[in-house]
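So that the names make sense, note that chain A is the first sequence line, chain B the second, and so on, each numbered from 1. Everything quoted here is computed from the prediction, not taken from an experiment.
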Protein chains: 2
Amino acid sequence: MCARQTRPVTRTDVAREAGVSTAVVSYVVNNDPGHVSEATRARVRDAIRRLGYRPNASARALKTGQTGLIGLVVPEVLNPYYAEFVEALDRAASERGSSILLGLTHKDPEGEEKTVRSLVARGVDSLIYQCDFNDEKAYRMGGDSMPRVLLDRSEPLPGLVTVGADSTGGARQVVEHLVGHGHRRIGYVGGRMVGRKSDLRLAAWRQVMAEHHLDAPEPVLTDWSREGGYRSVGDLMDRDDPPTAIFAGSDFTAVGVLQALHDRGLQVPGDVAVASFDGTADSAYTYPALTTVRQPFDEMAGRAVDLLAEDGRAPQSTVFPMALVVRSSCGC
Amino acid sequence: MCARQTRPVTRTDVAREAGVSTAVVSYVVNNDPGHVSEATRARVRDAIRRLGYRPNASARALKTGQTGLIGLVVPEVLNPYYAEFVEALDRAASERGSSILLGLTHKDPEGEEKTVRSLVARGVDSLIYQCDFNDEKAYRMGGDSMPRVLLDRSEPLPGLVTVGADSTGGARQVVEHLVGHGHRRIGYVGGRMVGRKSDLRLAAWRQVMAEHHLDAPEPVLTDWSREGGYRSVGDLMDRDDPPTAIFAGSDFTAVGVLQALHDRGLQVPGDVAVASFDGTADSAYTYPALTTVRQPFDEMAGRAVDLLAEDGRAPQSTVFPMALVVRSSCGC
DNA sequence: TTGAAAGCGTTACCAC
DNA sequence: GTGGTAACGCTTTCAA
């Protein structure tokens with residue numbers, strides 16, 4: 001009735017049990033259409049159930065050369081920004097029959113290289129990069145034989161496959177909105193860019209200010225963290241003419257900004273308005289709730305996984321629009 | 001100089017290049033000690049480098065029966081509570097030479113079963129469960145042949161391997177702290193337990209109240225989300241004698257509670273004190289910063305991965321203490 | 001210290 | 001429709 005031994009059931013056992021060859025079992029397991037008669041198919045299915053047979057993933061992978069694993073390189077998952085990507089990518093991957101092999105770098109710059117190496121060694125079919133440092137280097141490390149995409153890039157990168165959001169358009173919407181509230185002194189707080197040339201948000205902020213003939217105060221550049229946001233408020237508010245509104249380069253930054261503002265006894269949006277960037281889930285639960293522009297997480301994730309499946313190694317760049325989410329931190 | 005074809009380099013190629021047998025290549029790759037002379041070793045390493053050889057993970061896994069993959073079943077990663085676990089587990093796993101294969105259920109109750117099935121089909125060596133529903137059922141699904149641990153369990157479960165935190169002790173610390181501030185009406189807000197018998201936090205709160213001869217107001221049970229926390233505040237504060245302090249069953253819940261309190265124009269901790277449970281990173285960045293008890297994420301993660309490695313199928317239960325983190329939401 | 005060779009569980013080509 | 005069987009790339013025993 002039940003197997004005495006723990007030896008795993010193989011396709012050979014099933015074949016014997018069903019009185020067919022191993023090839024037929026393979027056909028049935030892989031739903032090979034038309035190849036096998038209904039009667040046989042049923043018999044095999046039955047044997048599979050009776051024996052509790054489970055195909056061996058490693059054997060299949062060895063034979064087909066495909067593991068169904070997508071390696072995801074991402075700094076951390078405690079930052080909701082990355083968490084949004086991870087969730088969206090997991091959904092996209094599983095809809096398409098793949099799984100995500102997590103490669104957290106834990107924000108360690110050299111962890112990136114280690115992570116990629118480990119992912120490749122585990123036999124991932126493809127790679128998605130969502131990282132901050134040494135982008136192109138890490139990207140190359142994947143090896144040219146493997147489909148890979150660089151996520152969260154707003155601009156095409158020569159020779160690379162990228163997917164991203166229209167950061168410029170998004171940032172413009174935020175700053176325009178703040179200007180629309182009548183603010184004239186709008187400060188910018190964000191992190192320093194590490195692996196990229198420039199910060200499109202910063203540039204867009206400058207540009208919108210200029211278009212409205214407004215002076216852009218000196219931006220505060222810190223690191224992309226809540227702590228960074230917190231610290232930046234001193235720099236910004238201790239000036240002779242502090243801003244009446246702050247554009248934070250990320251929701252995460254804004255969380256720190258908000259706390260620092262509260263600690264100084266300033267009202268938001270009464271004394272200072274705040275708006276930010278990313279539209280992560282937690283931006284709705286700050287106090288006050290953040291006005292922000294939402295990243296198209298699902299669209300980017302879906303596209304990224306599709307590109308991998310297309311095996312597309314032709315360099316190309318996809319950019320999705322961002323949408324303004326109006327809440328109360330701006331004064332609406 | 002460079003390979004014309006894209007055919008992947010195998011151990012056979014390396015053997016030929018180095019003028020040795022494939023077995024020797026294997027010895028070198030796996031650092032088999034003493035088995036091969038320094039000269040040969042160097043020759044092989046050289047050939048490996050020249051050819052750019054990378055061992056094939058699937059073939060190795062097929063042969064050894066080990067993939068080095070740990071399946072992690074977890075509802076979501078956007079909730080910082082789970083994100084803390086994911087980060088800690090990833091760290092623990094990679095320190096021990098394994099990788100985490102992510103199995104997000106996306107809070108879909110039936111997703112749990114699908115997720116486990118998918119993880120097993122991908123050939124994980126072992127399974128870690130960090131989930132809310134149908135615990136034991138999902139646990140059994142892993143199959144008895146596979147090492148697996150149920151994470152985040154404060155009490156032993158007959159026949160299962162569990163790792164958790166001392167929730168009772170943690171909750172007691174929080175409530176005692178609130179009592180120490182002179183509060184007499186301390187409310188409880190938390191989620192409903194789904195896969196478990198009872199909520200130890202709730203019980204501990206009741207007990208501490210009783211020990212101090214304090215009446216425990218009717219607890220508010222909602223779901224474990226920011227939204228749930230937000231909604232619960234109405235239930236609690238519209239009473240005839242609203243509490244002067246609130247114990248939230250999780251930081252996530254507390255975030256919603258805080259926002260609702262602010263929206264009602266109540267000061268924290270002035271009008272109402274708040275303290276919570278979990279000690280996730282974001283609890284330091286609410287307004288005001290939350291007093292909470294911290295889960296021993298790293299300890300639990302490390303222990304969980306160790307238990308898997310020990311192949312320990314003997315049911316056992318490990319519980320780590322929780323530590324009070326005093327910040328400003330309690331009125332300190 | 002090194003090599004030959006037997007599988008590991010599949011898939012898929014080719015005969016029947 | 002069905003079955004035989006040669007790989008896939010690796011580990012490991014056993015002999016040399």
Side-chain angles (χ1 to χ4, degrees), chain A residues 3 5-45 47-48 51-69 120-125 145, chain B residues 3 5-45 47-48 51-69 120-125 145:
Chain A
Q5 280 288 17
T6 316
R7 187 182 66 81
V9 180
T10 76
R11 178 222 47 189
T12 311
D13 301 320
V14 176
R16 191 180 314 110
E17 174 84 6
V20 297
S21 83
T22 63
V24 174
V25 178
S26 229
Y27 299 147
V28 173
V29 168
N30 299 327
N31 272 317
D32 217 325
H35 234 25
V36 51
S37 74
E38 254 333 305
T40 315
R41 192 178 295 272
R43 205 142 37 87
V44 173
R45 274 203 227 284
I48 288 177
L51 264 34
Y53 164 73
R54 293 182 188 278
N56 178 309
S58 305
R60 193 203 293 261
L62 172 58
K63 190 61 189 166
T64 63
Q66 298 265 307
T67 54
L69 261 29
V120 171
R122 292 266 183 246
V124 297
D125 292 337
S145 59
Chain B
Q5 278 289 16
T6 318
R7 187 182 66 80
V9 180
T10 77
R11 176 222 47 187
T12 311
D13 301 320
V14 176
R16 191 180 314 112
E17 175 83 7
V20 298
S21 82
T22 62
V24 174
V25 179
S26 230
Y27 298 147
V28 173
V29 168
N30 300 328
N31 271 320
D32 218 325
H35 232 25
V36 51
S37 76
E38 252 334 304
T40 315
R41 192 179 294 273
R43 206 141 38 88
V44 172
R45 274 203 227 285
I48 288 177
L51 265 34
Y53 164 72
R54 294 183 187 279
N56 178 309
S58 305
R60 191 204 294 260
L62 172 59
K63 189 62 187 166
T64 62
Q66 299 263 308
T67 54
L69 260 29
V120 171
R122 292 265 183 247
V124 296
D125 291 338
S145 59

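- Residue-level contact check: A:Thr40 touches the backbone only, with heavy atoms under 4.0 Å from sugar-phosphate atoms and none from bases.
- Side-chain nitrogen and oxygen atoms of B:Arg60 include at least one within less than 4.0 Å of the OP1 or OP2 phosphate oxygen of D:dT11.
- Between the C1' atom of C:dG7 and the CZ atom of B:Arg11 lies a distance of 13 Å, rounded to the nearest Å.
- Closest to the A:Ser37 side chain, of the nucleotides D:dT11, D:dG1, C:dT11, is D:dG1.
- Closest of all the heavy-atom pairs between B:Arg43 and B:Ala18 is NH1-O, 2.6 Å.
- In this entry the distance linking OH of A:Tyr53 with C1' of C:dG9 reads 7 Å, nearest Å.
- Two residues are said to be in side-chain contact when any heavy atoms from C-beta on lie closer than 4.5 Å; A:Val14 and A:Val28 fail this criterion.
- B:Val20 has its side chain within reach of B:Val25: a pair of non-hydrogen atoms, C-beta onward, lies under 4.5 Å apart.
- Between the C1' atom of C:dC8 and the CG atom of A:Asp13 lies a distance of 14 Å, rounded to the nearest Å.
- If you take CD of B:Gln66 and P of D:dT12, they are 11 Å apart, rounded to a whole angstrom.
- Residues A:Arg122 and A:Leu69 have side chains not in contact (no heavy-atom distance under 4.5 Å, counting atoms from C-beta outward).
- Put simply, the residue from B:Val29, B:Val24, B:Thr22, B:Val44 that forms a side-chain contact (heavy atoms from CB on, under 4.5 Å) with B:Arg11 is B:Thr22.
- The closest side-chain heavy-atom distance from A:Arg41 to A:Glu38 is below 4.5 Å.
- Residue contacts for A:Arg54: at a heavy-atom cut-off of 4.0 Å it reaches the sugar-phosphate backbone alone, with no base atom in range.
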Would you list the protein and nucleotides 12-16 of chain C atom pairs, both N or O, that sit under 3.5 Å from each other?
| residue | atom | partner | partner atom | Å |
| --- | --- | --- | --- | --- |
| C:dC13 | N4 | A:Tyr27 | OH | 2.8 |

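- Straight-line distance from the CG atom of A:Asn31 to the P atom of C:dT11: 12 Å, rounded to whole Å.
- Residue-level contact check: A:Val29 touches neither bases nor backbone, having no heavy atom under 4.0 Å from any strand.
- Two residues, A:Thr10 and B:Glu38, neighbour DNA chain C, and the one matched to the more 5' nucleotide by heavy-atom proximity is B:Glu38.
- As rounded to whole Å, 14 Å separates atom P of C:dG3 from atom CZ of B:Arg16.
- When every heavy atom of A:Val9 is checked against every heavy atom of A:Leu51, the shortest pair comes out as CG2-O, 3.3 Å.
- When the side-chain nitrogen and oxygen atoms of B:Ser21 are compared with OP1 and OP2 of C:dG3, one or more of them lie within a distance under 4.0 Å.
- In this structure, B:Arg43 places its CZ atom 12 Å from C1' of C:dT1, rounding to the nearest Å.
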